[in-house]
Participant: 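If you scroll down you'll find the structure; I have some questions about it.
Atoms within a ligand are numbered from 1 in the order they appear, just like the ligands themselves.
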Amino acid sequence: MKAGTKPVRFLAALAAIAFATAACADDSTGGGNGGAPASSGASGGSIKEGLKIAFLPKQVNNPYFTVSDNGGKAAVEEFKGSYSETGPSEASPSAQVSYINTLSQQQTDVIVVSANDKDAICGALNEARQAGAKVVTFDSDTNPSCRDLFVNQASTEGIAQIQLKLISEAVGPDGGEIAILSATANATNQNTWIEMMKQELAKPEYTKLKLVDTVYGDDQDQKSFTETQGLLAKHPNLKGIIAPTTVGIAAAGRYLSGSSYKGKVALTGLGTPNQMRAYVKDGTVKSFALWNPADLGYLAAYAGGALASGLISGKEGDKFTAGKLGEYTVGKDGTVVLGEPFTFTAANIDQLNF
Ligand code: RAM
């Protein structure tokens, strides 16, 4: 396991029909110290009561963000803050700016945001910070100069590696042409993963896989569906699609499962079990990956609470306790890593519900 990350223990999730991350004894990013009070910082102080914490997802009508933001809400309730969620219905680059300005005017203590663009919202975030807010990016980062902390779902390498492993297994030993169906062209998270997947593809084990195209469904269901259709029309020899977006993989699954490509063109990527269950059951998809979105939001809320209470400043080495998830340590570039991605297959998908 890579230093600075920790495994996701799914036995607990399988029992509770919910995810839970767990401790790894030798792990520097923390996890599961168990005995710490829910609202304490590792330095011994407590998160202040009454903090106004707002979640601003890439878009509000995306089930992934419903789950992650509800995780944040649970955390905010634990440390007796006041939670809100706001945001655009489309994940376009500057759509979040006006929401940030409003949150700043409302004297929000912590803005927890998944960025649609690494630069477009920087000015607004920095103004909010000057007005006293702490900014935590989660899921999709901004330029590091515009936020106090980034809560990353998993290591970038881990997310890239699992998707290539799964597409390679699904396509089979002969390999062939593959394509990527992404979210928006500006999304920091997807773009980082795509770059890393390209680096992974250069490894000897993937010489038979050839990336022929990358298209963008903008995290819109219908556009992602149409882009999938377009990929298959344009590349008659396509053997597989990687969609590193929960919206994209679900739309691609729906298209493939109702087409003659079902079972012939492989699909994997990052999806939620509830959106992908039907396509795993009907044989369209063998496996896909994700982390625990609820834990991601929960951790981001605790990080924001610790910042706004002065328990941490966001510098490397800072430690804080994130309730049931245990202790975390801030790593390089003000980044905190939740864990590693989990793989969903027909064998486990019925035991996970989100
Ligand atoms: C979509 C969004 C989100 C990403 C997931 C995997 O819901 O693009 O940012 O993390 O997919």
Side-chain angles (χ1 to χ4, degrees), residues 8 19 55-72 85 87-93 95-96 112-118 120-121 136-142 150-156 158-163 166 180-197 214-225 227-228 241-253 267-276 285 287-297 299-300 335 337-344 352 354:
V8 177
F19 280 55
F55 270 65
L56 176 52
K58 282 180 170 178
Q59 54 184 163
V60 284
N61 53 353
N62 175 342
Y64 168 88
F65 287 112
T66 306
V67 178
S68 65
D69 295 5
N70 278 334
E85 188 205 40
S89 54
E90 286 197 4
S92 62
Q96 293 167 311
V112 184
V113 56
S114 171
N116 282 316
D117 185 291
K118 73 182 174 49
I121 60 173
V136 176
T137 49
F138 79 117
D139 179 69
S140 182
D141 200 7
T142 53
F150 171 47
V151 178
N152 202 354
Q153 41 276 73
S155 71
T156 303
I159 296 172
Q161 281 163 1
I162 189 68
Q163 293 182 86
L166 297 181
I180 294 175
L181 167 67
S182 191
T184 59
N186 294 50
T188 326
N189 53 345
Q190 272 89 11
N191 286 346
T192 312
W193 302 331
I194 290 169
E195 268 320 299
M196 191 57 71
M197 285 197 273
T214 300
V215 295
Y216 300 91
D218 292 348
D219 270 350
Q220 289 173 25
D221 174 69
Q222 192 51 45
K223 181 152 193 277
S224 306
F225 186 90
E227 291 291 343
T228 308
I241 298 173
I242 301 175
T245 140
T246 58
V247 179
I249 193 174
L267 172 66
T268 193
L270 305 173
T272 68
N274 287 358
Q275 287 178 289
M276 297 306 293
V285 172
S287 56
F288 61 97
L290 199 71
W291 43 90
N292 177 351
D295 280 354
L296 182 66
L299 175 57
T335 297
V337 181
L338 174 67
E340 279 303 321
F342 177 76
T343 300
F344 301 84
L352 295 155
F354 64 90

Participant: Which residue supplies the protein heavy atom nearest to atom 9 (O) of ligand 1, what is that atom called, and how far is it?
Facilitator: Asp139 OD2, 2.5 Å
Participant: For Trp291, which part has a heavy atom under 4.0 Å from ligand 1: side chain, backbone, both, or neither?
Facilitator: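 Only the side chain of Trp291 comes within reach of ligand 1.
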Participant: Can you tell me if Thr188 uses its side chain to pair, donor with acceptor, with the backbone of Asp141 under 3.5 Å?
Facilitator: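 Checked: pair present.
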Participant: With atoms numbered from 1 as shown, which atoms in ligand 1 lie under 4.0 angstrom from a non-hydrogen atom of Phe65?
Facilitator: 3 (C), 9 (O)
Participant: In terms of atom number and element, which parts of ligand 1 are under 4.0 angstrom from non-hydrogen atoms of Gln153?
Facilitator: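 Selected atoms, number and element: 10 (O).
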Participant: Measure from the side-chain N and O atoms of Asn62 to the backbone N and O of Tyr64, and report whether any donor-acceptor pair falls under 3.5 Å.
Facilitator: yes
Participant: Quick one: look up the protein heavy atom nearest atom 8 (O) of ligand 1 and list residue, atom name and how far away it is.
Facilitator: Asp219 OD2, 2.6 Å
Participant: Would you say ligand 1 has an N or O under 3.5 Å from any N or O of Asn62?
Facilitator: yes
Participant: Could you list the residues that satisfy ring-ring contact (aromatic ring centres under 6.0 Å, His included) with Phe55, not counting sequence neighbours?
Facilitator: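 ring-ring contact (aromatic ring centres under 6.0 Å, His included) check on Phe55 returns Tyr83, Phe138.
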Participant: Do side-chain atoms of Gln96 reach the backbone of Ser114 as a donor and acceptor pair under 3.5 angstrom?
Facilitator: yes
Participant: Can you name the residues that form a ring-ring contact (aromatic ring centres under 6.0 Å, His included) with Tyr216, not counting sequence neighbours?
Facilitator: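 Counting only residues at least two positions away or on another chain, Tyr216 forms no ring-ring contact (aromatic ring centres under 6.0 Å, His included).
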Participant: Find all atoms of ligand 1 within a distance of less than 4.0 Å from any non-hydrogen atom belonging to Trp193, and give their numbers and elements.
Facilitator: 10 (O)
Participant: Just which atoms of ligand 1 are under 4.0 Å from any heavy atom in Lys58?
Facilitator: 2 (C), 3 (C), 8 (O), 9 (O)
Participant: Check whether any side-chain N or O of Thr268 sits under 3.5 Å from a backbone N or O of Ser287 as a donor-acceptor pair, and report yes or no.
Facilitator: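 The answer is yes, because a donor-acceptor pair under 3.5 Å joins these two groups.
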Participant: With heavy atoms only and a cut-off of under 4.0 Å, state how Thr246 meets ligand 1: side chain, backbone, both or neither.
Facilitator: both
Participant: From the options Ile249, Asn189, Leu270, select the one residue that forms a side-chain contact (heavy atoms from CB on, under 4.5 Å) with Pro244.
Facilitator: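 Single pass found, and it is Leu270.
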